[in-house]
Amino acid sequence: MEEDTGVLPRKDDFSQWYNEILWRAEIMDVRYPVKGLYVWYPHGFAVRKRAYGILRDLMDRDHAETMFPLLIPETEFMKEATHIKGFEDEVYWVTHGGRNELDVPLALRPTSETAIYPMYSLWIRSHTDLPLKLYQVVNTFRYETKHTRPLIRLREITSFKEAHTVHATREEAAAQVEVALGLYREFYDSLRVPVIVSRRPAWDKFPGADYTIAVDTVMPDGKTLQIGTVHMLGDHFSRTYDITYEDANGEQQYVYQTCYGISERSIAAVISVHGDDRGLVLPPEVAPIEVVIVPIIVGKRRDEVLSAASALEEEFRKAGFAVKLDAREMRPGAKYYHWEMRGVPLRIEVGPRDIDANTVVAVTRSGKKTTLDRRGVVEGVCSILALFGEELSQTARQAMAGRITVAATLEETAAAVKNGVAVVHWCGSQECAEKIEAAVDASIIGSDIRSDLIAVSDGPCVACGGNGTSALVARTY
RNA sequence: GGGGCAGUAGGGUAGCCUGGUCCAUCCUAGAGCGUUUGGGACGCUUUGACGGCAGUUCGAAUCUGCCCUGCCCCA
């Protein structure tokens, strides 16, 4: 007997599952012949489009969208020392125009600080120009030497949403960090992806930042995935790029800056957190098709069923749903599997029995079956989808909660990180961090934890016994 | 960064060590025709490949070299 799950590996085998679902659900094609660059299938890109629509709407509340060039002259790129150190090993350089060598090599942006800030220096004159909050959604390039992986570790990040804000004071900039974190929380709430927010250790912060606060989620194999970062840049870059404003007293002052970003790792998170053995499970908010209508065509009532299905489609379309009528010449079961693999949240079935009874059958991606009265079907579907989204949030949240373990000893920590995230007490020293990391084969990913799933407390450092406070230890992507 | 395994049609595999035929093979793959359709339909016909570049050879999926790509494990 063939298994009904088809050929998708079980999600328990997460790595295999992830590799396969990407092409079976038509998210990414890995066969592009350059390492670390992958192709978005239209369906994957449609998910991206909706997710980034949400992100843009959030940013547009008080940021303006812009677009800076991909190429950065070496002379600008090399100005900020710590920033360069963080990126120089993974920068692609354009050295030729045609056959001629360029006088000044051009970097493909690994991130855009060095492209944007020289322009900020020109644009910002007075305190009335502040605050300035811009963002762009662009591709960036990093010559990754580690194992590349679609959507997760890329040489071309195709979907980097980066925001760059400028403020008159350090306090304002610090406040903006909190605003950004709030936006990112909202974004991931919409994607139904639970997150943990924490401050990265000093050695793991963004090159050139005062501090970095990261947004992580936990993948099904227990490793954490960083899916957003917010950086307090202080005045490091403004001193390097000479970004100053004239204050109310007529004095020149350096500005304070922040930057923060989200990439297509957000899509990897949606896929991985919600997907199951049958394929993708998409929250209605990001599903390119929210409702698929499958007509149950039986012999002589074919035309009758098809026109009933078309009428339904039209009704959903008018109500604003992303709806698809699947009128292909296939058996209904084959269509169910097809759309389940692609993550469609709700399937509507209409057949002769429904026409006779004046009903339709609605089945969610989680398998919940409801018979709806044909009249008021749109309202019925609305509430089913809203509930389905809520359930995704709850399920994902519980799954993440189950992967967080408080650990009091190194042995407990080592056991905890095999399943997910360990919460330990840590004194904050790099020496102890290294001890812990060596002992448990995982990394300190952050302290100053902000998560309603984690109670923060003080206690003896798990490595040295000195005064410590809660920190996260995990294996990471 | 280190190590290993692998690339054969849309997908999965055999063949390779030991070079050669008339034909690879399976599929939830493609095209066509017919009968079907409330959880992956069936029959018949048919299409299509050896990752790339060079080399050895009368002849290369198979041998040699280089390159590219993917996956797994370790740092």
Side-chain angles (χ1 to χ4, degrees), chain A residues 1-9 13-39 41-43 89-90 142-156 221 223 276-279 292-306 308-309 312 325-342 344 346-372 374 417-418 434 437-443 475-477:
Chain A
M1 270 304 264
E2 283 289 310
E3 280 211 351
D4 269 359
T5 47
V7 279
L8 190 64
D13 187 356
F14 177 66
S15 192
Q16 286 267 68
W17 178 91
Y18 184 79
N19 289 334
E20 293 239 350
I21 200 171
L22 286 176
W23 69 265
R24 291 195 187 276
E26 297 178 302
I27 304 293
M28 302 293 290
D29 194 329
V30 302
R31 292 173 301 182
Y32 191 76
V34 179
K35 180 180 166 66
L37 313 198
Y38 309 98
V39 181
Y41 280 112
H43 186 252
D89 288 340
E90 44 188 62
R142 296 179 188 177
Y143 185 78
E144 292 287 352
T145 51
K146 287 184 183 176
H147 196 334
T148 53
R149 195 183 234 101
L151 298 177
I152 290 177
R153 189 174 301 282
L154 307 155
R155 285 190 171 176
E156 179 187 7
D221 59 359
K223 291 190 194 174
D276 65 17
D277 289 350
R278 290 187 169 201
V292 65
I293 300 169
V294 178
I296 310 299
I297 297 163
V298 180
K300 47 193 165 192
R301 298 187 68 178
R302 175 196 173 84
D303 291 346
E304 188 188 351
V305 169
L306 276 176
L312 259 183
L325 169 59
D326 186 353
R328 290 176 297 171
E329 294 294 328
M330 291 165 66
R331 313 201 100 214
K335 294 179 184 175
Y336 302 164
Y337 284 103
H338 178 89
W339 295 112
E340 282 165 2
M341 179 61 77
R342 285 157 186 76
V344 176
L346 190 74
R347 173 175 82 237
I348 300 280
E349 305 170 9
V350 227
R353 293 209 293 263
D354 299 296
I355 293 173
D356 294 343
N358 207 27
T359 58
V360 301
V361 175
V363 186
T364 67
R365 180 58 180 77
S366 50
K368 196 177 284 179
K369 198 172 207 169
T370 319
T371 301
L372 294 173
R374 177 62 183 80
V417 298
K418 290 203 169 71
E434 282 166 7
E437 292 180 354
V440 306
D441 194 26
S443 311
R475 287 142 58 230
T476 63
Y477 269 96

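As the structure is a prediction and not an experimental result, all values here were calculated from the model. Each chain gets a letter, A, B and so on, in the order its sequence line appears, and its residues count up from 1.
- Atom name P, nucleotides B/C27 and B/U37: the rounded distance is 24 Å, in whole Å.
- Side-chain N or O atoms of A/Asp276 include one that pairs as donor or acceptor with a backbone N or O of A/Gly279 at under 3.5 Å.
- With a cut-off of 3.5 Å on both pairing distances, the Watson-Crick or G-U wobble partner of B/G34 is B/C42.
- Under 4.0 angstrom from either OP1 or OP2 of B/G38 there lies at least one side-chain N or O belonging to A/Arg331.
- Side-chain N/O atoms of A/Arg347 and base N/O atoms of B/G39 include a donor-acceptor pair closer than 3.5 Å.
- When Watson-Crick and G-U wobble pairs are counted only if both distances are under 3.5 Å, B/C50 pairs with no nucleotide at all.
- B/G10 and B/G48 are spaced 10 Å apart, taking the C1' atom of each and rounding to whole Å.
- Nucleic acid contact for A/Val294: none, since no nucleic acid atom lies under 4.0 Å from a heavy atom of the residue.
- In this structure, the NZ atom of A/Lys223 is 7 Å from the P atom of B/C73, given to the nearest Å.
- Counting non-hydrogen atoms under 4.0 angstrom, A/Gly36 reaches the backbone sugars and phosphates but no base.
- In this structure, the OH atom of A/Tyr18 is 12 Å from the P atom of B/C72, given to the nearest Å.
- Spacing between atom CG of A/Leu8 and atom P of B/G40 amounts to 19 Å, rounded to whole angstrom units.
- As judged by a 4.0 angstrom heavy-atom cut-off over every strand, A/Arg302 is placed among the base-contacting residues.
- The partner of B/C5 is B/G70, judged by Watson-Crick or G-U wobble contacts that both fall below 3.5 Å.
- Heavy atoms of A/Arg149 sit under 4.0 angstrom from primed sugar atoms or phosphate atoms, though from no base atom.
- Salt-bridge annotation for A/Asp89 and A/Arg142: absent, with no side-chain N of the basic residue lying under 4.0 Å from a carboxylate O of the acidic one.
- Base-pair partner of B/G10: B/C27 (Watson-Crick or G-U wobble, both distances under 3.5 Å).
- Close to B/U37, at under 4.0 Å from its OP1 or OP2, lies no side-chain N or O of A/Arg353.
- With distances taken from any side-chain atom of A/Glu329 to the nucleotides B/C71, B/U36, B/G38, the minimum falls on B/U36.
- The closest side-chain heavy-atom distance from A/Val360 to A/Leu312 is below 4.5 Å.
- To the nearest whole angstrom, the two C1' atoms, one in B/G70 and one in B/G11, are 15 Å apart.
- The CG-C1' distance, from A/Asp326 to B/G40, rounds to 13 Å in whole Å.
- In this pair, A/Tyr337 lays its aromatic ring flat on the base of B/G40, centres within 5.5 Å and planes under 30 degrees apart.
- A gap of 16 Å separates the C1' atoms of B/G7 and B/C53, to the nearest Å.
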Report task. Show your reasoning for whether side chain to side chain donor-acceptor pair (under 3.5 Å) applies to A/Tyr477 and A/Asp221. Result -> CA-CA 10 Å; A/Tyr477 269 96; A/Asp221 59 359; 2.6 Å; yes
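- Nearest to the side-chain atoms of A/Pro332 among the listed nucleotides B/G38, B/G11, B/C71 stands B/G38.
- Nearest to the side-chain atoms of A/Arg24 among the listed nucleotides B/G11, B/G70, B/U37 stands B/G11.
- The closest side-chain heavy-atom distance from A/Tyr38 to A/Leu151 is not below 4.5 Å.
- Comparing B/U13 with B/U8, their C1' atoms sit 9 Å apart, to the nearest whole Å.
- Place A/Pro150 and A/Val350 on RNA chain B by their nearest nucleotides, and A/Val350 ends up nearer the 5' end.
- One finds no salt bridge joining A/Glu340 and A/Arg365 here, because no Lys/Arg side-chain nitrogen approaches an Asp/Glu carboxylate oxygen to under 4.0 Å.
- Closest to the side chain of A/Asp441, out of B/C71, B/A75, B/U69, is B/A75.
- OP1 or OP2 of B/G70 sits under 4.0 Å from a side-chain N or O of A/Tyr38.
- Looking at the side chain of A/Ile297, the nearest of the listed nucleotides B/G10, B/G70, B/U37 is B/U37.
- Side-chain atoms of A/Arg302 do not come within 3.5 Å of backbone N or O of A/Val298 as any donor-acceptor pair.
- Listed candidates were B/G38, B/G39, B/C71. Nearest to the side chain of A/Glu340 is B/G39.
- Whole-Å rounding puts the A/Asp89 CG to B/G1 C1' distance at 12 Å.
- Here the separation of B/A60 from B/G19, taken at their P atoms, is 14 Å to the nearest Å.
- As rounded to whole Å, 14 Å separates atom C1' of B/A41 from atom CD1 of A/Ile296.
- Taking a cutoff of 4.0 Å between a charged side-chain nitrogen and a carboxylate oxygen, A/Arg153 and A/Glu144 qualify as a salt bridge.
- For the pair A/Met341 CE and B/G10 P, the interatomic distance rounds to 20 Å; values are reported in whole Å.
- Spacing between B/G32 and B/G15 at atom P, rounded to whole Å, works out to 35 Å.
- Evaluation of atom-type donor-acceptor distances gives a pair under 3.5 Å for the side chain of A/Asp354 against the base of B/G38.
- Taking atom C1' on both nucleotides, B/G52 is separated from B/C72 by 24 Å, rounded to a whole Å.
- Take the nearest nucleotide of RNA chain B for A/Lys35 and for A/Val361: the residue whose nucleotide is more 5' is A/Val361.
- Whole-Å rounding puts the A/His147 NE2 to B/A75 P distance at 16 Å.
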